[in-house]
Amino acid sequence: MIADLPYVIVSALALWAIYGLLAIGISIVWSSLGMINMAHGFTFAVAGYGAWLAAQYVSDAGVVVLGAGILTGAVSGALIYAVAFLPLHDKPNFIVRSLIATLAISLLGTQALQWLFGPRVKSLPRVFGNTPLELGEIVITADKLGAVLSSTLLLGLVLLWMTRSRRGLEIRAMMQNPEGAALVGIGLRRTAMSVMAVTGALAGLASVLLSQTFFVSPGAGLQPLVKGLIVALCGGLGSIPGALLAAGLVGITEAATATWLGGQYVLMTQFGVIIGVLLIRPRGIGGLLDETRE
Amino acid sequence: MSWRNPQLRRDPAKGPVHPHLPVGRRRWWPRLRAHGGNTWRRMRYPLTRRHVLWTRGEYNPRNLAAEVRILDKRPLWWMAGLAFLAIAPLLTDDGTILSAASIFAIYAAINLVWMLVIGTAGITSLATLAIVGAGAYGGAYLSITYDWPWWSMLPVGGAIGLVFGVIVALPAIRLEGFYYALLTLGLAELCRVYVVQSRVFGSATGGMYGAATHIPDDLSDTGQLRFAYYAAFALMLCALALYRWVDGQRLGRLLRAAPEKNEAFAEAVGIDYRRARIQVFIISSVALGVIGGFYASHFKGASPSLFSMDSLLLMLAMIVIGGIGKAEGAVVGTLIVVAIDKVFIDLGALRLILIGAVMLVSVLTTRAGLFGIQAQFRAWREKKKSERRARRQEKGGEVVPEEATEIADKQAIYHRRFDKQMRDFLKTLVTDEVVEEHRLKPLGQHSEALSRLTNYFRRGPMADKYAVFTIVPMREYRVVALSGQRGVPPRLVNDRTYHSLGDAYHAVFLLRINDLLES
């Protein structure tokens, strides 16, 4: 049991990276746009197909596949922005209607993908090569190492951009108070567009990373969406540190459960952990933002 | 020859043609002839004080005939719709349509119960199908393994629903809004994964089949389908009764008074919203469990597709298309989606795309689905109307048609129209010569034009009528405006002082001319 510990740590780290990418996307969208993006899973699936198409028709070099995935994810995010946010954001009952609209996009998009590409799953080429890294007894497979490194890199870039750049400042202002941000001259629509594109790009990266272990399929977005949502929820919607903490917690739970109890108990233990967290802190680990939004 | 209304158009063959001009905002209400003695009679449900039909007895102001006005036509639509659903299966023996019809009835029942949570209580719970599925799986398991009869599945489903109801109700008190929606979504996903992987619940065969059923074997195929439909229809009627019972009574009112974000207000007026929410969760979960048992009995088993995201989205599409918060929305939305799903079955995956597109369009364009369109259209029309009224530059005191329907005294409308025409004509008479003539001879013998003007001024209403106020006789005069109200003194119009009565009269005349030209 102890012998599995390094393996558990490595997989927990990889899962942490991927869940972090997904949950931060959902969390940022909720706090800045006030919209729960249920079509995040659709972005995920679309980015997988984008990467697959690039690998088929352009080149299967790692950079191209990753870049195609990120780009398709960003385009898909912009599409969701145009369909669900833009027409609804100044209408009554925006929150529930945008939730339903993104769910509808998710239904529509998943079926459209199935119609276009067929139900058969596709596999992506190995982006990070096949040579595992050996540290003493511990063997870290290339995809896990690549996942941790690339997502840390992209997350770091995004966080840097959020904290240092002008646009990041605008986004943070919008997270604190949308009306106040609009009053000091921050364009709500323009900022929302960049938020959706960036979170779409994050989902695209997560999609390519996760497709190293799983496959690309029309319904592939559902599991990551649910995981991303519950992680974002557990971390407190709108809190980036909270989302990262929660991603770590959920990743450790998943890796530990899968190794020591068996794969079918993963969701149950995860839910146990999350319900426990939510019962202690009903707005998640870092979540205080709901009150400030009102 | 008697008097003829010149505005009434006449058809030489038929006599006068009464124009029905669609002007104004008054709504059309159906009216029935009645007897004056029955004006206040109501039909009520036995042993209650509730009306079957909301009516009002009144007298037609034109001919004083006693009439009954139906203020809420929805019960009539419900009766017509349910009567159609009751006889519809007898009109066809197409197997596809009949089986689609029973699926419609079951889904409509689920949606009606779900509407209690999502519409009446306003809590976005996505665990509905999970509860139905749990009831169905529990019933099917007991029926297959221990050979229990079909009717036992209903209470078994209800008991499982009760357990689930307690599980989903507890977080509902503490969590709010999205946290709750996501948690219930996760619960559904958890159930799906568990069922797909569990050997007891048929992970190998993709579901559990072979449960007992209420549909008798000895009927013909069409007969079985019709029997299944009528059973499902009865289930839907029960769900409708439950909806009515919860939504229309005390519990429903408490819940509608305490929607999300308004809990503090509700608590302040003494509503125990936590208790009300737990009650509605438990009632609806038990009902959903019973429907789950019925589902297992209807389909002779259960399949994991009940828990899938796609089914959940389809159910949500039904509710959203029909309109959240209305029973008719749940039923008609289900009808639309099931029709697209089962009738266009040749389209394959395209029909789900179609459903998604309909859902998207309805959520993007309507505020509350199909049955909110009427209210939304009325609000839009009112908005346009008031915009138009605000844009109308020259009204000149005349009554615009939108206003006309709201003025009971029609004489006033005609008077204002006449007055406007009069003023338009009088404005043409105001010339420098007329003013000069008045200055020279304020008290008359006037020309025709000037006497028409002064006659009009004399006829004006008392309020704000100009008058001459003598401060020192023969030396000092000022112009005042009368208040038109007894006991309220006149006000000074300006600070000019006139030294002869003639000057003061002329000043009053000039003020009135000025007002006339400005109106």
Side-chain angles (χ1 to χ4, degrees), chain A residues 26 30 36 38 41 83-84 87-88 91-93 95-116 118-119 218-219 221-223 225-227 229-230 232-234 236-237 262-268 270-271 274-275 278-279 282-284 287 290 294, chain B residues 118 122 124 126 167 170-171 173-183 185-194 196-198 203 260-261 308-310 312-314 316-317 319-321 324 347-369 376:
Chain A
I26 291 168
W30 160 249
I36 285 281
M38 290 299 220
V83 174
L88 283 181
K91 299 274 158 52
N93 212 357
I95 299 180
V96 174
R97 281 168 80 184
S98 66
L99 172 83
I100 293 168
T102 48
L103 273 173
I105 293 174
S106 161
L107 172 73
L108 219 156
T110 312
Q111 296 300 327
L113 284 179
Q114 187 153 3
W115 187 55
L116 282 174
L222 177 62
Q223 280 271 351
L225 169 74
V226 172
K227 292 272 175 69
L229 281 173
I230 57 179
L233 180 71
C234 179
L237 286 169
Q264 68 266 40
Y265 296 108
V266 165
L267 265 175
M268 286 178 211
Q270 273 180 351
F271 266 99
I274 285 159
I275 289 174
L278 286 183
L279 285 181
R283 287 172 198 276
D290 262 6
E294 273 173 28
Chain B
I118 206 168
T124 327
L126 301 177
I167 293 174
L170 289 180
I173 311 163
R174 196 147 159 74
L175 300 179
E176 62 173 76
F178 282 120
Y179 290 83
Y180 189 70
L182 302 184
L183 197 74
L185 184 70
L187 186 73
E189 181 66 11
L190 182 69
C191 287
R192 188 184 70 83
V193 171
Y194 179 72
V196 166
Q197 288 173 345
S198 157
S203 62
E260 285 265 297
K261 311 261 182 214
S308 77
M309 183 82 172
D310 276 356
L312 181 65
L313 282 179
L314 275 187
L316 197 64
I319 279 198
V320 167
I321 291 171
I324 289 177
L347 290 176
L350 263 183
R351 64 188 202 280
L352 282 179
I353 298 181
L354 191 65
I355 292 172
V358 172
M359 182 178 171
L360 194 59
V361 167
S362 90
V363 79
L364 289 183
T365 54
T366 66
R367 265 176 232 166
Q376 197 179 341

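Chain A is the first sequence line, chain B the second, and so forth, proteins listed ahead of strands; every chain is numbered from 1.
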Subject >> Beyond-backbone contact of B:R367 with A:K91, side-chain heavy atoms, under 4.5 angstrom >> reply: no
Original post:
With only heavy atoms counted, which part of B:T365 is less than 4.5 Å from chain A, the side chain, the backbone, both or neither?
Top reply: backbone
Original post:
So how far is it from A:W115 CH2 to B:L350 CG, rounded to the nearest 0.5 Å?
Top reply: 5.0 Å
Original post:
A:R97 and B:L364: which non-hydrogen atoms are nearest, and at how many Å?
Top reply: NH2-O, 3.5 Å
**OP:** Could you tell me which portion of B:L316 (side chain, backbone, both or neither) has an atom closer than 4.5 angstrom to a non-hydrogen atom of chain A?
**Re:** side chain
**OP:** Below 4.5 Å from any heavy atom of chain A, which atoms of B:L354 appear? Answer side chain, backbone, both or neither.
**Re:** neither
Subject >> B:R351 versus chain A, the contacting section by heavy-atom distance below 4.5 Å >> reply: neither
**OP:** Please state whether the side chain, the backbone, both or neither of B:A357 comes within less than 4.5 Å of a heavy atom of chain A.
**Re:** both
Listed pairs under 3.5 Å, donor-acceptor, residues 100-110 of chain A side chains, sequence neighbours left out:
from	atom 1	to	atom 2	distance (Å)
A:T102	OG1	A:I36	O	3.4
A:T102	OG1	A:M38	N	3.4
A:T102	OG1	A:S98	O	3.0
A:T102	OG1	A:L99	O	2.8
A:T110	OG1	A:S106	O	2.5

